[in-house]
Structure formats: C-alpha cells, structure tokens
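Reading through the structure tokens given below for one structure.
Side-chain atoms are counted along with the backbone in the values below, which use heavy atoms only and exclude waters and symmetry mates. Within every chain, numbering begins at 1; the chains are lettered A, B, ... in the order of the sequence lines, protein sequences first and strands thereafter.
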Amino acid sequence: YGVTLPGWKKNNLTYRIVNYTPDLSKEDVDKAIQKAFKVWSTVTPLIFTRIQEGIADIMVAFGTKAHGHCPRYFDGPLGVLAHAFPPGSGFGGDVHFDEDEDWTMGSDGFNLFLVAAHEVGHALGLSHSNDQRALMFPNYAYISPSEFPLSPDDISGIQSIYGSATKTPGKRPTVPTSPNTCGPQISFDAVTTLRREVIFLKGRHLWRVYPDNSEVELELISAFWPFLPSGIQAAYENMKDQILFFKGNNFWVVSGYKVLLGYPKNINTLGFPKGVKKIDAAVCNKNTGKTDFFVGDKYWRYDESTQSMEKGYPRRTVNDFPGISQRIDAVFQHKGLFYFFHGSRQLKFDPTAKRVISEIKSNSWFNC
Amino acid sequence: SNSLPAHPEKDNKEDTKLVEDYLSKFYTIETDSNQRGWKANAEFTAEKLQKMQRFFGLKVTGKPDTETLEMMKKPRCGVPDVGL
C-alpha cells in the first residue's frame with residue numbers, strides 16, 4: 001500500500017453528493033456511495049455523515065473532460081474512470097467520476113460502488129497499491145458486491161493512518177497492544193482449526209499455529225476478516241471447509257477470506273431455543289460429522305449433514321465428557337482428540353475413551 | 001501473407017501517443033527543474049516506463065512491449081501511481 005500523510009486530523013468526516021449520473025437512479029447512487037464509505041468505516045474509527053448543502057470534507061461529483069476548476073481532466077469513455085484528491089482543504093478529499101463512463105450497480109459497465117470505494121480510499125489518504133488483490137490497485141477489476149472488497153493490504157494501509165475500528169466511535173484508538181502470549185495467565189476466547197492450522201482468538205488478535213512445524217503468527221482479526229467484531233466467543237471448522245464464528249446471538253460463516261452472503265444470522269436459526277444468548281465454545285467432530293455446542297455446564301449436538309439439532313439435548317457436559325465439569329472458554333479437535341480450554345488450563349480429552357488424558361497450559365501450542 | 005499489413009506506422013504513432021499520455025498522467029513527478037539536469041526525452045521515457053513496469057509487476061524492459069501496452073489500455077483510476 002501507499003499513503004499520502006498526514007490524513008485527516010479528525011475521525012468525523014462529512015460528505016456531500018453534489019450531482020448525479022443519468023445512468024442510475026438517485027437512490028442507487030446514494031446507496032452505492034454510502035456503501036463505499038461503510039467499507040472504510042468498518043475497519044477504522046472513522047465516521048461519515050452525509051450533508052445535503054454547503055461544503056463537506058468530501059465532495060462527490062460527476063463530470064466530463066475539463067470539469068469545474070478541477071486540475072485533472074477526464075478523457076471520454078474508458079481510460080480514466082474517476083479520480084480523487086488526498087485529505088486537505090479545497091479539492092482535498094474530493095471524489096470525481098467521469099460521466100462519460102457507463103455507471104452500473106452490477107458487473108456490466110463500471111460498478112459505481114467499487115470505483116467509489118477505491119476513490120474514497122484516496123480521499124482518506126491512501127495512494128495506489130501494486131498488490132493486484134488490493135482495492136487500491138490502479139486498474140478496475142470487478143468483484144462480487146457480496147464480497148468484502150478490502151484486502152489485508154488495504155486494511156493495513158488505512159489502519160496505518162487511522163488505527164482500527166474502536167468500540168467508542170470518534171475516539172482515536174490507542175495502538176493495539178499485543179497480548180502476552182507466553183504470560184502465565186493467558187486464556188483464549190475461541191479456538192478453531194482451519195485446514196492444517198489452529199487459530200486461537202482473543203480480543204482483537206488471532207494466532208495462527210501450524211502444529212506440524214510449530215510456527216506461530218500473531219495478527220489482527222481485522223487483517224483477515226475485517227467484518228468480524230473483536231471478542232469472538234466461539235468458532236469451529238465444519239465439514240465443508242468453512243469456519244463459523246460466534247459472538248452473542250450472532251454467527252458468521254466464512255469461507256477463506258470471504259463471509260457468506262446474509263451473515264451474521266441469529267443462532268436460533270441453528271435450532272437453539274430463545275433462551276440461549278451466547279455460545280461458549282464449539283467443535284465439529286470430524287469422525288462423526290456432529291458438532292457440539294457448549295453453553296454453561298450443558299451442550300447441544302448438531303448434525304452437520306442434516307443441518308439440524310439432534311433430539312434429546314441439551315445434556316449436562318460432565319455426563320458425556322467426564323472431567324469437563326466447568327464452563328469452557330474454547331475447544332478444538334486435533335488428531336482425533338479434543339482440547340478443552342478453561343482460563344490458563346487446557347484439558348486433553350479422548351472422545352472415544354471418554355476420559356481426560358492430561359492437563360496442560362493453555363499456551364502449550366506456542367513454544368513458550 | 002500477401003495482405004497489406006495494417007498501417008504499422010499509424011499503429012506505432014498511436015502506441016507512442018498512448019505511452020506518452022499514460023506516463024505523463026501517472027508517472028510524472030513534479031520535480032524542481034534546477035535539481036534535475038536536462039535529460040534526453042527518450043531516456044526519460046524509458047526510465048518512467050521501467051517504473052511503470054516495476055509497479056505492475058511486468059518485465060522491466062524500458063520498452064513499450066505488448067504486455068505493457070495492454071496494461072496501459074485497461075480502465076483505471078486517474079490518480080497518479082507515483083509522486084503524490
């Protein structure tokens with residue numbers, strides 16, 4: 001990525017749509033532009049407010065060839081589609097679209113949302129990236145609007161200027177401190193496998209552990225899955241090479257970097273009764289194709305093939321998992337065994353023999 | 001084949017204009033003319049072409065080869081790739 005510093009000196013920014021294109025309805029233009037701003041507010045503390053009159057920080061307009069007093073000209077159909085100016089006064093932050101292009105909401109012509117998201121990146125201080133997967137790559141490339149358009153490169157770039165999203169809007173984030181992986185009290189919010197890796201989640205961070213070669217990488221969750229909130233409470237890998245993440249009564253289904261369309265959904269769509277407000281931990285037993293969801297001192301069993309909760313649940317955890325008597329933080333399966341996490345302790349459990357094999361420290365996977 | 005080739009000189013002219021327009025739009029850094037001694041235009045163009053080819057991960061030849069011309073014809077953003 002590239003940045004044009006210093007970026008905006010505030011997190012609350014205004015934008016105004018000065019005029020429209022005849023290619024689309026006003027509603028579609030409004031929606032595309034709003035969605036373009038939302039892409040960046042999802043991964044930063046920035047807040048965008050639309051105004052209808054006067055001078056906004058970011059003025060959005062359509063024009064052709066020499067347009068207004070803009071120092072850059074457009075060139076007719078194709079070629080240059082749009083441009084924008086880095087943060088600042090006057091033209092600073094403004095976004096211009098070439099009206100000689102065919103603006104659409106889909107994959108034909110040029111998708112206004114995608115081009116707008118790129119140009120807003122410039123208006124916030126990003127310059128072009130030479131990473132071909134990045135939204136800030138100079139050339140237009142269509143991607144399905146259901147996919148989140150930012151790549152890790154884009155997110156690293158914008159967060160190098162503004163930091164990542166914070167819970168208290170408008171407050172400039174402190175630099176995220178990395179958790180003390182090898183501290184004696186380390187605990188985890190959730191753990192899941194991801195193909196040959198094991199992913200440990202805590203707060204806004206995740207560790208990628210490769211058990212086969214004992215490598216460990218610490219990352220921000222937002223660098224991989226920017227649509228996920230921090231503080232994920234449970235996660236598991238199903239039988240279809242997807243990961244399900246849970247927080248409160250919401251869950252997301254993720255395939256690779258992408259979240260599936262229509263998520264987050266409410267956990268009661270999986271068959272949980274209304275009274276269940278959150279999931280503590282979850283693990284799919286790859287030998288049986290059944291997923292166990294742990295809530296307090298009970299658990300539910302879900303059949304991944306029929307996509308339905310099994311009858312006769314919930315059951316008390318300790319009855320079927322002798323030795324697992326406390327509420328658990330996280331659980332995952334590795335080489336047939338279950339690893340249950342409770343605070344800084346981890347219980348290695350054999351689901352066939354139905355017994356705890358050993359108790360180890362939660363961070364035993366990190367070569368501390 | 002004995003068919004008259006397209007107008008190579010016309011194509012060449014168009015390609016030359018395409019390259020010059022592209023490089024002047026996206027690879028021209030506003031520098032203080034006193035700092036930069038006068039450079040032969042061709043050398044200057046080759047230098048900027050190499051910069052563009054490097055940015056897009058193309059073979060760095062300094063010449064407007066087919067791959068480079070193809071990249072220059074793709075619809076894109078009007079913001080320069082260098083020197084903001």
Side-chain angles (χ1 to χ4, degrees), chain A residues 1-5 63 65 67 70-88 91-92 94-98 100-103 109-111 114-142, chain B residues 6-7 10-33 35-36 41 44-84:
Chain A
Y1 62 84
V3 293
T4 312
L5 292 175
K65 302 294 177 55
H67 46 285
C70 180
R72 291 188 200 140
Y73 299 169
F74 284 132
D75 53 2
L78 303 180
V80 172
L81 305 177
H83 54 230
F85 296 86
F91 276 107
D94 291 356
V95 171
H96 298 161
F97 297 98
D98 184 351
D100 280 332
E101 309 301 343
D102 172 21
W103 296 108
F110 296 104
N111 183 284
L114 289 174
V115 177
H118 174 103
E119 298 307 332
V120 169
H122 287 312
L124 298 178
L126 287 181
S127 41
H128 281 145
S129 167
N130 58 8
D131 178 338
Q132 309 231 2
R133 297 161 301 173
L135 178 69
M136 295 315 289
F137 188 68
N139 293 354
Y140 177 82
Y142 177 75
Chain B
H7 305 281
K10 179 169 171 289
D11 285 359
N12 259 336
K13 253 192 212 136
E14 280 175 7
D15 287 347
T16 305
K17 185 169 181 335
L18 167 72
V19 170
E20 282 176 2
D21 280 354
Y22 192 94
L23 293 178
S24 72
K25 262 187 217 160
F26 306 118
Y27 284 84
T28 295
I29 299 177
E30 316 305 327
T31 53
D32 173 350
S33 52
Q35 285 165 356
R36 178 183 285 277
N41 196 27
F44 209 30
T45 300
E47 196 180 289
K48 287 196 272 189
L49 249 181
Q50 287 173 345
K51 200 182 284 274
M52 179 263 175
Q53 290 166 330
R54 207 167 289 122
F55 185 92
F56 283 94
L58 305 171
K59 205 171 351 146
V60 180
T61 61
K63 293 184 178 56
D65 48 52
T66 310
E67 201 188 26
T68 300
L69 291 171
E70 281 315 305
M71 188 62 84
M72 289 181 167
K73 290 170 184 165
K74 290 180 186 290
R76 59 161 287 162
C77 170
V79 171
D81 295 338
V82 291
L84 272 181

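With a 4.5 angstrom heavy-atom cutoff, A/D98 does not touch chain B via any of its atoms. When heavy atoms are compared at a cutoff of 4.5 Å, A/F74 does not approach chain B at all. Both the backbone and the side chain of B/M71 come within contact range of chain A, each with at least one heavy atom under 4.5 Å from a heavy atom of that chain. Contacts of B/K73 with chain A are absent, with no heavy-atom separation under 4.5 Å from either backbone or side chain. In this structure, chain B has a heavy atom under 4.5 Å from the side chain of A/E119, while its backbone stays farther away. Proximity to chain B is limited to the side chain of A/F137, based on heavy atoms less than 4.5 angstrom apart.
When every heavy atom of A/P138 is checked against every heavy atom of B/F55, the shortest pair comes out as CG-CE2, 3.5 Å. Contact record, B/G78 with A/R72: O-CD, 4.2 Å, taken as the closest heavy-atom pair. Taking both residues in full, the closest heavy atoms of B/P75 and A/L81 are given as CB-CD2, 3.8 Å, listed atom of the first, atom of the second, then distance.
Separation of atoms CZ (B/F26) and NE2 (A/H128) is listed at 8.5 Å; rounding is to 0.5 Å.
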